[in-house]
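Encoded as C-alpha cells, the structure appears first; notes follow it.
Here is the naming used below: chain letters follow the sequence lines, and residue numbers restart at 1 for every chain.
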Protein chains: 2
Amino acid sequence: MSGEDNLLKLVEAEEADENDYRLQEQVGFILRKAHQRHVSIFAAHIADLTPPQFAALAKLHDVGETSQNQLGSLIAMDAATVKGVIDRLKARGLVELSKHEVDKRRLLVNLTAKGRDAIARLIPIARDITEETLAPLSAKEVATFMRLLAKLT
Amino acid sequence: MSGEDNLLKLVEAEEADENDYRLQEQVGFILRKAHQRHVSIFAAHIADLTPPQFAALAKLHDVGETSQNQLGSLIAMDAATVKGVIDRLKARGLVELSKHEVDKRRLLVNLTAKGRDAIARLIPIARDITEETLAPLSAKEVATFMRLLAKLT
DNA sequence: TTGATATCATTTGCATACGAATGAATTTGA
DNA sequence: TCAAATTCATTCGTATGCAAATGATATCAA
C-alpha cells in the first residue's frame, strides 16, 4: 500500500467520522426530548401550574419556611429563575414573603393556606405523572433507569 | 381494634403518603437536572452556540436543504421555537433562507459556507460533550442508559 | 476595628419552549 | 370545481433558564 493510499484512508476516516455524527443518538438531544415529553405529560395532568412552580410548592411543603435562594438551591434553580417562579406563585396567593428578622438580606418564603391545599391536592396527581412518564419501561427497567439517571446529576 | 382506630390509620396512611412525596426522586425533577447539567457541559465546550442552534446546524449538515418547519420536526422544535433559532443563525451568517419555488408557503433553509465550516469544526467537540456528559457511567451502563432513555421518547 | 470577601436578592439581556391566534397557500373531498 | 380542511409560517404572550452587573447586608481576617 502506498503512502498516498494511507493518506487517503486517513482523510476518508476523518470525513466518515464527521458524516457519521448522529444527532438523534446523542445523549443531550434525547435528554432534551425526554424532558419535553415529561413537561407535556405534566401539563396534561396539571394545567394551572408548571413543573418548576410545582417543585417550589412541593419543596416548601416538605421543608417549611426557607429563604428564596435556599429554596432555589433545593430545587436546582438559580437566583434569577427562582425569583420569577416565586413572584408568580405569590401573585396567585400560593406563597407569601416576609423579611428575615436577623439577616436583613434574606427573603423568607412560606406556603399560604391556599398553597398548602393546592400542593396536598396535587401530590397524588404528581405520582400519576411520574408513573405515566415511566410507563414505557418495565418495573425493573424503571429501577435501572432511575439509578443511572441519578448518577448523571 | 375499634372502627375509630381503623379510620385513624386510614387517615394517617393518606397523610403519610403525601408527606412521603420526595421531589428529588421524581423522574421529571431528575430529568430536568440532568438536562441542565448537559447544557452546562455543552456551554463549557462550545461557548458561541446553544445546543438547539447546534442541533439545527448538525441536522442541516446531515439532510441538506429543508423547510423551516420540516427542520423543526427533525430536531423536535415547534414552529415558533425553530423560527427564533433560525433567525439567530441567519443573523450570524451560518444559514441562508430562500423561498420554495413551487410551494410558496415554504421557507427553505440552507447552510452557508461559513455554517458548513462551523459544523465540521464543532462535530468532534460535540463528541467530547457527549462523552463528558456520560462520564459518570461505565461503558455498559451507558449502553443500558441510552437504550432506556430512548424508550422514554 | 475595618477593609476585603462573601452572601442574598434584584435587574437586565438573551435564548429556548410552547399555546393560541392569524394569514397565506395548498390539498382534499363531496 | 370549490368549499372545507390542512399545512407552513409568523406573531404574541407567558414562563423557564442563565450570565453578568449591581446594591445591600453580613462575615472574615489582618
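- Aromatic ring orientation, A:F54 versus A:F42: perpendicular (interplanar angle above 60°, classes split at 30° and 60°).
- Rounded to an integer number of Å, the gap from CG of B:L107 to C1' of C:dG23 is 15 Å.
- Closest to the B:D103 side chain, of the nucleotides D:dT10, C:dT26, D:dT16, is C:dT26.
- Counting non-hydrogen atoms under 4.0 angstrom, A:T81 reaches a base of the nucleic acid.
- Nucleotides of DNA chain C nearest to B:A80 and B:G84 differ in position, and the one nearer the 5' end is that of B:G84.
- Rounding to whole angstrom units, CE of residue B:M77 and P of C:dA15 are separated by 14 Å.
- The CD-C1' distance, from A:Q53 to D:dT14, rounds to 10 Å in whole Å.
- A salt bridge is defined here as a Lys NZ or Arg NE, NH1 or NH2 lying under 4.0 Å from an Asp or Glu carboxylate O, and B:D117 with B:K114 fails to meet this definition.
- The distance from atom NE2 of B:H38 to atom P of C:dT16 is 13 Å, rounded to the nearest whole Å.
- In this entry the distance linking NZ of B:K83 with P of D:dC12 reads 11 Å, nearest Å.
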request  = I would like to know whether B:E65 and B:N110 meet side chain to side chain donor-acceptor pair (under 3.5 Å); could you show each step before the answer?
outcome  = CA-CA 5 Å; B:E65 183 176 73; B:N110 267 293; 2.6 Å; yes
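- Among C:dA15, C:dA17, C:dA9, the nucleotide with an atom closest to any side-chain atom of B:T50 is C:dA15.
- Between C:dA17, D:dA9, D:dA15, one nucleotide has an atom nearer to the side chain of B:R106 than all others, and that is D:dA9.
- Residue B:R88 has its side chain nearest to C:dA15 when only D:dT10, C:dA17, C:dA15 are considered.
- Using a 4.0 Å heavy-atom criterion, one finds that B:S40 contacts no nucleic acid atom at all.
- Distance check, rounded to the nearest 0.5 Å: NZ of B:K151 to CG of A:L134 gives 12.0 Å.
- Counting to the nearest Å, the C1' atom of C:dC8 and the CG atom of A:D78 are 13 Å from each other.
- For A:R105 and C:dT7, a side-chain-to-base donor-acceptor distance below 3.5 Å is present, hydrogens and geometry of angles not being considered.
- Two residues, A:H35 and A:K104, neighbour DNA chain D, and the one matched to the more 5' nucleotide by heavy-atom proximity is A:H35.
- Under 4.0 Å is where a charged nitrogen must lie from a carboxylate oxygen, and between A:D87 and A:K90 no such pair does.
- The nearest pair of heavy atoms linking B:M146 to A:Q26 is CE-C, 4.2 Å.
- Straight-line distance from the CD atom of B:Q68 to the C1' atom of D:dT7: 14 Å, rounded to whole Å.
- Heavy-atom minimum distance, B:R121 versus B:P124: O-CD, 3.4 Å.
- Annotation: proximity of residues 89-102 of chain A to DNA chain D (heavy atom, distance under 4.0 Å) is found for A:V102, numbered in ascending order.
- In this structure, B:I86 atom CD1 and C:dT16 atom P are separated by 10 Å, rounded to whole Å.
- Residue A:V85 is classed as a sugar-phosphate contact, given heavy-atom separations below 4.0 Å to backbone atoms only.
- A:V82 and A:G72 make their closest contact through CG2-CA, 3.8 Å (heavy atoms, listed as atom of the first residue, atom of the second, distance).
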